[in-house]
Amino acid sequence: MAYNKIEILVEKYFQGETSIAEEKELTNYFSSSDVAQHLEQYKPLFGYFSLAKEQKNTQEIPQFPKSRVKKSALAWFSVAASVVVLLGIGMYVYTNNDLVNENQKLGTYDDPQIAFRETQKALALLSGHVNTGIESVQLIQEYDNSKEKIFNQ
Amino acid sequence: MNQNEFVLLITPFRDKVFRLAKRLLISTEEAEDATQEVWVKLWNKNERLNGYGSVEAFAMTITKNYCLDQLKSKRAGIMSIAHSNFTDGAPSLQQKVEDRDSLDWVEKIINQLPEQQRLIIQMRDVEHYEFEEIAKVLEMNETAIRVALSRARKTIRESMTKTHNYGIQ
């Protein structure tokens with residue numbers, strides 16, 4: 001190999017202008033057995049870089065905790081729980097309101113025939129009760145009559 | 001993404017992250033801790049990882065930031081004591097010992113460089129990243145990286161020449 005070319009490459013290398021390919025070429029050259037005497041000094045440098053690349057990380061990759069995932073899941077659970085509770089309360093209040101409304105609607109009829117009959121029945125009931133009241137009130141009229149007799153003498 | 005998919009995702013650059021951490025923190029144990037920390041950070045970003053163009057570049061950025069934080073923290077003083085050498089039980093010839101020694105020297109010299117130059121040397125000369133990728137990880141422009149790289153390489157050359165010629169000149 002032309003020493004000249006290597007020398008140029010080495011110079012470029014120290015200027016920081018070599019490409020990856022050129023650096024590979026240099027590494028190959030310096031790892032070969034015939035290195036020119038005056039370039040011998042760079043041998044350890046490139047030797048070291050190759051050696052440094054051999055280092056391996058032998059430790060085990062740890063078991064990663066899933067805590068993050070769990071945490072967010074828990075957060076969502078609490079959100080879901082609160083939604084359920086709110087819905088429960090909401091539904092309760094809503095249905096209760098409906099009951100009240102239904103109570104207020106009692107006594108209304110869609111069919112006029114039935115409405116008429118029911119009204120008559122209700123009025124008959126009312127007048128019946130009122131009449132029994134009047135009978136006892138007529139007893140009081142007797143007291144009034146006797147009082148008139150006494151005071152008009 | 002489950003654990004297995006995550007491990008598959010990080011496998012291609014596992015060692016790169018570790019070596020970058022080791023370059024900055026020097027001690028192997030510290031580098032291992034840092035690497036674990038990086039995986040945890042990545043894992044916590046799990047759902048959003050797909051949003052990043054390159055998970056590898058992202059991981060390298062996390063590593064860089066985490067290690068620099070570590071160095072800035074109080075523990076930095078303790079860490080500089082720990083230093084790993086290339087321990088090798090194999091029988092070594094005189095030449096081999098000398099080679100090892102000069103490789104060791106290179107490491108020592110690199111470890112004396114400023115952190116930024118160490119990062120760049122590690123990413124360029126060891127991991128062979130393109131300048132574009134380094135620029136992304138370090139949040140610098142490419143010219144600045146070239147300049148820093150050239151400076152770092154020249155510093156290494158000078159220190160090596162000094163070491164090799166020690167006592168000769």
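Protein chains get the first letters and strands the later ones, always in sequence-line order, with residue 1 at the start of each. Note that the coordinates shown come from a computational prediction; the quantities given were computed from them, not determined experimentally.
Residues of residues 115-124 of chain B lying under 4.5 angstrom from chain A, judged on non-hydrogen atoms, are B:Ile121, B:Arg124 by number. Within residues 131-142 of chain B, the residues having any heavy atom less than 4.5 Å from a heavy atom of chain A are, in residue-number order, B:Phe131.
Of the inter-residue distances, the one linking B:Asp104 atom CG with A:Leu51 atom CG reads 9.5 Å to the nearest 0.5 angstrom. To the nearest 0.5 angstrom, B:Leu149 atom CG is 7.5 Å from A:Thr18 atom OG1. Atom OH of A:Tyr48 sits about 10.5 Å away from atom CD1 of B:Ile109, to the nearest 0.5 Å.
Comparing B:Ile145, B:Thr35, B:Val126 by heavy-atom pairs within less than 4.5 Å of chain A, the highest count is held by B:Val126. Highest contact tally toward chain A, considering only B:Arg146, B:His128, B:Lys154, B:Arg19, is held by B:Arg19 [criterion: heavy-atom pairs under 4.5 Å].
If you measure heavy-atom distances from A:Glu23 to chain B, the contacts under 4.5 Å come from the side chain alone. No part of A:Phe46 comes within reach of chain B, as not one of its non-hydrogen atoms sits under 4.5 angstrom from that chain. For a residue to count as touching a neighbouring chain, one of its non-hydrogen atoms must lie under 4.5 Å from one of that chain's; by this rule B:Ile110 touches chain A with the side chain only. Proximity to chain B is absent for every atom of A:Glu40, based on heavy atoms less than 4.5 angstrom apart.
For A:Lys56, the NZ atom counts as densely surrounded, since its 6.0 Å shell holds more than 12 non-hydrogen atoms of other residues, nucleotides or ligands. For A:Gln37, the CD atom counts as loosely surrounded, since its 6.0 Å shell holds 12 or fewer non-hydrogen atoms of other residues, nucleotides or ligands.
When all heavy atoms of B:Arg153 and A:Gly16 are compared, the closest pair comes out as NH1-CA, 3.7 Å.
In the hydrophobic cluster analysis, where Ile, Leu, Val, Met, Phe, Trp and Tyr join through side-chain heavy atoms closer than 4.5 angstrom, B:Val7 is grouped together with B:Ile62. Cluster membership check: B:Phe18 does not share its hydrophobic cluster with B:Ile26, using side-chain heavy-atom separations under 4.5 Å among Ile, Leu, Val, Met, Phe, Trp and Tyr.
Shown here are the salt bridge (Lys or Arg N to Asp or Glu O under 4.0 Å) partners of B:Glu56, two or more places apart in sequence or in another chain: B:Lys16. Considering only residues two or more places apart in sequence or on other chains, B:Phe13 meets the ring pair (Phe, Tyr, Trp, His ring centres under 6.0 Å) condition with none of them.
Residues A:Tyr42 and B:Met160 form no side-chain contact, since every pair of their non-hydrogen atoms from C-beta on lies 4.5 Å or further apart.
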